[in-house]
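The structure under discussion appears below in the form of structure tokens.
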Amino acid sequence: MDFWKIQRRILIIEDREDEYRSILGLLEAIEGKNIVSVRAFNAEEAEKFLATEFFDIIISSHKAGKSIVPRKDPGQRYLPPLILIVENAEIRKELRGKDENVSDILIKENLNFDLLDKSIRLLLQRKKNEESIGLLRMGIEKSNDIFLITEAKPIDGTGPKIVYVNEAFERLTGYRREEVIGKTPRILQGPKTDRAVLARIRDSISKGQACFAEVINYDKDGKEYWIEMDIFPITNDDGVTTHLMGIERDTTERKNTEEHLRQSQKMEAIGQLAGGMAHDFNNLLNVILANLDLLELKLKDSEDLLKRVRSAQDAIQRGVDVNKRLLAFSRKQALNPEPCDVNLILKEFRPILDQIRTENIEIEYEFSDEKIICDIERGGLENAVLNLALNARDSMPNGGKIYISCGFLRNGEETGSRISGLEPVDYSLITVTDTGTGMDEATKARIFDPFFSTKGGGKGTGLGLTMVYGFVKQSNGFLKVITVPDYGSSFLIFLPLLKNSSEGISHSSDHKNPLVRKKALVIEENRETAELAGVYLRELGFEPLLTSDIKRLTHFFSGDPNISFVLLDLHLARSKGLDIKAELDRLDSKRVILTSSNDLKESGIPNGFPFIRKPYTKMALKEAVRKIGESLA
């Protein structure tokens, strides 16, 4: 590129006329003469020009004992490159490096057209490169994509060290730059990070090849997120890989949307299949039932045969009930919703639920006194809760406890956090929790499929949870399942409140201060379990802060004064090597509620501390919060 094809503005600082003419003559000799020069007699006058005009280069003669280098104005981003002309090599040696504003120093006796032209070209090229780098740096810093640079080695062992991250990294991970510089990106990995993908990445970078990957990482609070990343080597002039560049994009929302779409498509396909089967099944039942009715008329005098006919008619009726469930699931059987007080329905249904009790099975209820109005079908809600309670009973062959609750969940506030997956409206929350066998991930993924049963041995039709799913979806609600193998399951039904019906519902916490909501810190290893605790805490009037970073335990007292207490997972604390007894002695243990899948004595903690055994229930959490002296909503 020829720099002189573009008009250049040069500021000449020189009070001697002969010296000024000499410099001007050299500039005019440059081919193209596309130069505009402005003269300043001293540094002060030059500073005035620089404050109002733009210049590409400054050229100034050096005066012994007097600085003629203009100072950088506080409002200026930078000074133009400055060429200083001195009398001899000794002065140049003395001045070199003393003033950072000086870009080049030329000796007067050697000064000619070629030397000045070369100096100006080099400085303009350097300036252009610096501007380009500055724009690139600004673009990278403001990018929504993560830019992460590490050293190239070591690939194994401790792993390569991070040397640069941009602002997007801080926003997504919660780590500040100073916390990660010098550390390995492995601090972002966790239980669900695919080791096979990591092995493929290692293989590519060890060969100096670029690669693309998609993995689950974890932020500072232990929350998982999906990223897709391009990783490529950075090489020096000798072709040696010195660093690795990773450009990463947060794809969590897209992944969740894809998973939700896959689940919806799956359930829709199953629903269409179930609907088609139910239609044909209904025709068969009608034919069989009609023939049985005719046989009943013909066999009035044969009591033995008549009993068999009536037995078959009863079986057909049960088939009709099964068919109704299939039709409800496939949405081919319309619900008849009406405004209902969900609390009142469940209170009135309690005698039926009580029939589930046995010598080994206990049931605890908690229904609020508020009117919680939802647009639903009463019978659908009763059947859904009954099916969940029956499943809970069957999951506890050796006995246990079922917790059934219903309350108001404020999720439509304009400020404050909302529960993921829910619309920004208020809900009625019905929960059915058991202390049974729980489920693994493979079982959990299939529980709503028609005819899939966990009971085995012909003990279930496999349509109970299918019916629950169908009712919730047709009621425009949301169904969430949280389960821990060997420790139990919680089914959460979120039903949107009828519009404007929540206006009269209030909480004591709202009256105290509508702008400040007390906070509770939940330090929990399992993300879904933490979410469940968060849901209950919101019902009780607290804003939950969820994390798996055990360090937050030792820092929270000096942090947000609005944090009322901590809900601490003992298993997480032990796995991180924390001495719980010592911490409880050191901290204000009256503000710590302990949780574990085991009993407190099995955890080695003395009795007397507020304690909740998992799975969480609202009743247990409510009682623990009361024990530490916190008022509830």
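The first residue of the sequence shown is numbered 1, and numbering continues consecutively from there.
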> How far apart are the C-alpha atoms of L172 and N217, what are their side-chain angles, what is the distance that settles it, and do they pass the side-chain contact (heavy atoms from CB on, under 4.5 Å) test?
Replying inline: CA-CA 10 Å; L172 180 60; N217 272 354; over 6 Å; no
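- When all heavy atoms are compared, the tightest approach of M229 to I201 is CE-CD1, 3.4 Å.
- In this structure, L27 and I12 have side chains that are in contact, with non-hydrogen atoms separated by less than 4.5 Å.
- For NE2 of H571, the number of neighbouring non-hydrogen atoms (other residues, nucleotides, ligands) closer than 6.0 Å is 12 at most.
- The backbone N or O of F212 sits less than 3.5 Å from a side-chain atom of R200, completing a donor-acceptor pair.
- Using a 30° and 60° split on the angle between ring planes, F542 and F565 fall in the perpendicular class, above 60°.
- Salt-bridge annotation for E141 and R177: present, with a side-chain N of the basic residue lying under 4.0 Å from a carboxylate O of the acidic one.
- Note that the CG atom of L570 and the CD1 atom of I523 stand 11.0 Å from one another [nearest 0.5 Å].
- Salt-bridge formation is detected for the pair E543/R538: a Lys NZ or Arg NE/NH1/NH2 atom is positioned less than 4.0 Å from an Asp or Glu carboxylate oxygen.
- Between V535 and L409, the shortest heavy-atom contact is O-CD1, 4.1 Å.
- When side chains are defined from C-beta on, T595 counts as touching E524, because their heavy atoms get closer than 4.5 Å.
- One finds the CG atom of D203 at 7.5 Å from the CD atom of Q209 (value rounded to the nearest 0.5 Å).
- Under the salt bridge (Lys or Arg N to Asp or Glu O under 4.0 Å) criterion, E224 pairs with K192, R527, not counting sequence neighbours.
- Counting heavy atoms of neighbouring residues, nucleotides and ligands inside a 6.0 Å radius, atom CD of E178 exceeds 12 of them.
- Interatomic distance, CD1 of I162 versus CG of L188, reported as 6.5 Å (0.5 Å rounding).
- No option in R121, R9, R8 other than R8 meets the salt bridge (Lys or Arg N to Asp or Glu O under 4.0 Å) test with D56.
- Minimum interatomic distance between G222 and S548 (heavy atoms only, all atoms of both residues): CA-OG, 2.7 Å.
- Using a 4.5 Å heavy-atom threshold, the side chains of T547 and L545 count as separate.
- Atom CD1 in I231 sits 9.0 Å away from atom CG in L148 (nearest 0.5 Å).
- Going from atom OH of Y225 over to atom CD1 of I216 covers 11.0 Å, rounded to the nearest 0.5 Å.
- The closest donor-acceptor contact from the side chain of D238 to the backbone of V240 lies at 3.5 Å or more, if one exists at all.
- Annotation: the span from L84 atom CG to I105 atom CD1 amounts to 5.5 Å, rounded to 0.5 Å.
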> Which is it for F232 and I247 under the side-chain contact (heavy atoms from CB on, under 4.5 Å) test, yes or no, and what are the steps along the way?
Replying inline: CA-CA 9 Å; F232 52 89; I247 303 177; 3.9 Å; yes
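- Closest approach of L568 to A573, counting heavy atoms only: CD1-CB, 4.4 Å.
- Listed by chain and residue number, D145, E228, D230 satisfy the salt bridge (Lys or Arg N to Asp or Glu O under 4.0 Å) test with R249 (two or more places apart in sequence, or in another chain).
- In this structure, E214 and D194 have side chains that are not in contact, with every pair of non-hydrogen atoms separated by 4.5 Å or more.
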>> For I612 and I593: C-alpha separation, side-chain torsions, deciding distance, then whether side-chain contact (heavy atoms from CB on, under 4.5 Å) applies.
In response: CA-CA 7 Å; I612 304 173; I593 298 176; 3.9 Å; yes
> Given the rule in the side-chain contact (heavy atoms from CB on, under 4.5 Å) test, do R202 and D156 qualify, once you have shown the distances and angles that lead to the verdict?
Replying inline: CA-CA 9 Å; R202 181 201 173 284; D156 297 316; 2.7 Å; yes
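- Annotation for E151 and V163: closest pair CG-CG1, 3.9 Å, computed over non-hydrogen atoms.
- In this structure the side chain of F169 reaches within 4.5 angstrom of the side chain of V180, judged on heavy atoms.
- Ion pair D114/K118 not flagged as a salt bridge, since none of the NZ, NE, NH1 or NH2 atoms sits closer than 4.0 Å to an Asp/Glu carboxylate oxygen.
- Considering only heavy atoms from C-beta on, T173 stays 4.5 Å or farther from K220 through its side chain.
- When the salt bridge (Lys or Arg N to Asp or Glu O under 4.0 Å) test is applied to R126, no partner is found at least two apart in sequence or on another chain.
- Residues I120 and L124 meet the side-chain proximity criterion, which asks for heavy atoms closer than 4.5 Å.
- In terms of modelled atom types and a separation under 3.5 Å, the side chain of T483 and the main chain of M439 share a donor-acceptor contact.
- Residues L50 and P80 have side chains in contact (heavy-atom distance under 4.5 Å, counting atoms from C-beta outward).
- The heavy-atom pair separating I10 from F55 by the smallest distance is C-CD2, 3.9 Å.
- Remark: side-chain polar atoms of D219 are not paired, donor with acceptor, to backbone N or O of G174 under 3.5 angstrom.
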